[in-house]
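Here is the naming used below: chain letters follow the sequence lines, and residue numbers restart at 1 for every chain.
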There are 2 protein chains.
Amino acid sequence: MASQRLNSTAASLLGFLHDGPRTGAALYRTAESRIGDFWSLTRSQVYRELEAMTSAGLVRAGSRGPRDARTFTITAAGRAAFRSWADLDPEPETIRFPLLLLVGFGEHVAPARLREHLAAHRAIHAARLAAYEAIRDQAVAGTGSTSAAHVRSAADQPSPERRPFALATLAFGLAYEAAVLDWFADVERILPPPRDSE
Amino acid sequence: MASQRLNSTAASLLGFLHDGPRTGAALYRTAESRIGDFWSLTRSQVYRELEAMTSAGLVRAGSRGPRDARTFTITAAGRAAFRSWADLDPEPETIRFPLLLLVGFGEHVAPARLREHLAAHRAIHAARLAAYEAIRDQAVAGTGSTSAAHVRSAADQPSPERRPFALATLAFGLAYEAAVLDWFADVERILPPPRDSE
DNA sequence: TGGAGCATGTAATGAGTTACATGATTGG
DNA sequence: CCAATCATGTAACTCATTACATGCTCCA
């Protein structure tokens, strides 16, 4: 009955519940800020997984509070389930990049429009890179709590215990965004240059 | 009735159908080889979308052949739908990277196991980078049809018309895999080194 | 004190995956 | 011509997103 392989979303919720009981909404907020950059999820998923894990005995639900809110607490079975999830080989990553589709079908797309799309997305990625750099710079500067725009709030600062792992995931964001920006430069070189009349 | 925003999977099928009528299985094969690296899909999705697009008048289904196979042909409405999809701002990409979850929850994962997972995935990405490099090298060498392992079959060579776009998407794969490999090196530096007893 | 805005949770729909059924092909 | 294998399509299920309902909170 116990273990059919936990999905990664559920496992993540269990991961957060190691830090103490939380309500669904709180878990959603935490997930967004701590893993949202490489694991998308929605509020509905959180509640669905909590419900399922309650039935499975991995978490225990408290009684209803203010807005029908319940706090969920991880059980011993929940900790065990998390551990066996962490022991399995992680699935390969999936990337779904609509802009690349557009480039791949470039022959059927108006060249000017394609360039507009590319420019817009380059700007987005430049901003994300800058945001990650700001977080990194703040992290290396110590706990100087000057909270700039796009920088995670002080409440989300990793504990000393967690810091190297948070830095490691941040490093991925930095490497990824830098690579994407390089790619935009590649594309400029590869694609046929605009013809005069456009 | 006509246009509620086409999803990207459906749009891609329309994209392929620009090259002529195709059967569901053929579309699936083409999709895997031409966009599979940045847009995952399954056979079931292909058939579902074709069914829906038939109802919507974007494609026309031929009569049943050999194994109940039907060929689908793009209609004028289908071309129009593809064009308006291509005109909309593409959605931001989504990445779901289970290995990063594991790193993010590193505090709760056995250090030795975490390193094993990292090593296994580094090998996968090294292989993917090598495969992309092989494709690139073959592409720049002209149509020399020495088909090595991991290299796309000659049937999938882009037409001259399509070549710059195929190179641009390939460039993404190269940039991405290189960045991931860099990141593995970062992680080595960031994470606490193994303690003697492990 | 009442109502505008927001936080929390739920329901309905859409997309994606896995597992299966059925019909061709091919080699002995 | 039969059996093993593979290609094609479908059905059942899981996961993900969007749109909604309801109830707090806080300020005019």
Taking CZ from A:R29 and C1' from C:dA7, how many angstroms apart are they, rounded to a whole number? 8 Å
How many Å lie between CG on A:L13 and P on D:dA16, as a whole number? 11 Å
Is there a side-chain contact between A:R70 and the phosphate of C:dT8, meaning an N or O under 4.0 Å from OP1 or OP2? no
Shortest side-chain distance from B:N7, nucleotide among D:dA16, C:dA15, D:dG9: C:dA15
Gap between atoms OH and P, on A:Y28 and C:dC6 respectively (whole Å): 16 Å
Once side-chain contact (heavy atoms from CB on, under 4.5 Å) is applied, do any residues pair with B:A171, and if so which ones, sequence neighbours excluded? A:W183, A:D186, A:I190
For the rings on A:H18 and A:F82, is their centre-to-centre separation under 6.0 Å? yes
Whole Å only: how far is the CG atom of A:L6 from the C1' atom of D:dC15? 14 Å
Name all residues meeting the side-chain contact (heavy atoms from CB on, under 4.5 Å) criterion together with A:A81; count only those two or more places apart in sequence or in a different chain, and write none if there are none. A:L6, A:L14, A:L58
Does anything in residues 42-52 of chain A come within less than 4.0 Å of DNA chain D? Heavy atoms only, and list the residues if so. A:T42, A:S44, A:Q45, A:R48
Looking only at side-chain N and O atoms, does A:T23 come under 4.0 Å of OP1 or OP2 in C:dG9? yes
When B:T94 and B:F72 are each assigned the nearest nucleotide of DNA chain D, the 5'-most assignment goes to B:F72
Quick one: A:L27 CG to C:dT8 C1', roughly how many Å, whole number? 13 Å
Between D:dT18 atom P and A:L41 atom CG, what is the distance in whole Å? 13 Å
Not counting sequence neighbours, which residues clear side-chain contact (heavy atoms from CB on, under 4.5 Å) with B:A80? List them please. B:R83
Can you list everything that forms a ring-ring contact (aromatic ring centres under 6.0 Å, His included) with A:Y47? Sequence neighbours excluded, please. none
Could you tell me which residues satisfy salt bridge (charged side-chain N to carboxylate O under 4.0 Å, His left out) with B:E133, sequence neighbours excluded, listed by chain and number? none
